[in-house]
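Residue numbers count from 1 along this sequence.
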Amino acid sequence: MRNRSAFGWGELVVGIALVVLGIFTFARPSSALTGIVFVYGLLAAVTGIADIAFYVKIERHTGFGPVVSLITGILSILAGVLLLFNPGAVKWTMALLFPLWFITHCISRLTHLPVIRLTAGSGYYYCTLIVNILGLILGFVMIVNPALSLFSVSYVIGIYLLLAGIDHLVLAVSSIGKRG
C-alpha cells in the first residue's frame, strides 16, 4: 500500500475546514458578515495556496501546469489577505470579491477536469463537474443581484463551502490525492 503524500493530507485538511466552516455559517448566519471574517480570509489564503500547489504538482509531472490554477490561487490569496488585514471591507468584499472568488475558483477546478478524469477516475470527475457548475451559478447570481447577495450571502457562502469541502474531501481520498 502506498503512503499518502502531503498533497492528499492537505486536501483532507482543507476539505474538513471547508465543511466545518460551511456548517458554522448555517448555524450562525449573522456571524458570517462580522465575527468570522478572519476565518474566511484564512480559508481563502489556504485555498489559494492549494491551487498553487496543484499547479506546481501538475507542472512537475507533465512539464506544464494549468496557468488558470496559478492565477486563481494568487487571486484567492489576495482575497484572503484583504479579509485578514481589512475586516471593515466585508460588505464590499461580499458583494464583489466573493462572487469573483467563487467564479475563478470554479473555473480553475473545471480546467482541471481532463487531468482529473485521467488520474482520479470518473467518480471524482463528475463530483468536481457538478460542484463547480453549482459554484459558478452561485457566483453569477451574487454578481447579477448584489442586493440579494448581501441579504443571502451567509447561506450562499455556506452552501458553497459545504460543496467545496466535499470536493476537497473526495480529492483527498482519490488516486490523485494519494500520489506523491
Quick one: closest heavy-atom pair of His168 and Gly15, and the distance?
CB-CA, 3.5 Å
Which atom names give the shortest non-hydrogen contact between Val131 and Leu163, and what distance separates them?
CG1-O, 3.5 Å
If you group Ile, Leu, Val, Met, Phe, Trp and Tyr by side-chain heavy-atom gaps below 4.5 Å, do Ile137 and Leu129 land in one group?
yes
For the pair Val56 and Arg60, evaluate side-chain contact (heavy atoms from CB on, under 4.5 Å) and give the outcome as yes or no after the intermediate values.
CA-CA 6 Å; Val56 170; Arg60 187 177 335 131; 4.0 Å; yes
Starting from the C-alpha separation in whole Å, work towards a yes-or-no answer on side-chain contact (heavy atoms from CB on, under 4.5 Å) for Ile159 and Phe26.
CA-CA 8 Å; Ile159 290 168; Phe26 276 115; 3.5 Å; yes
Hey, is the main chain of Ser108 close enough, under 3.5 Å, to the side chain of Thr72 for a donor-acceptor pair?
no
Hey, does Ile71 have a side-chain heavy atom less than 4.5 Å from the side chain of Thr104?
no
Following the transitive rule for hydrophobic clusters with a side-chain heavy-atom cut-off under 4.5 Å over Ile, Leu, Val, Met, Phe, Trp and Tyr, establish whether Ile23 and Val13 coincide in one cluster.
no
Val19 and its side-chain contact (heavy atoms from CB on, under 4.5 Å) partner, picked from Val14, Leu161, Leu162
Leu162
Could you grab the distance from atom CG of Leu75 to atom CG of Leu70, nearest 0.5 Å is fine?
9.5 Å
Give the C-alpha distance, both sets of side-chain angles, the deciding distance and a yes or no for side-chain hydrogen bond (donor to acceptor under 3.5 Å, both in side chains) between Asp167 and Thr128.
CA-CA 6 Å; Asp167 184 50; Thr128 300; 3.1 Å; yes
Hey, which of Val46, Ile49, Leu82 is the one that makes side-chain contact (heavy atoms from CB on, under 4.5 Å) with Ile77?
Ile49
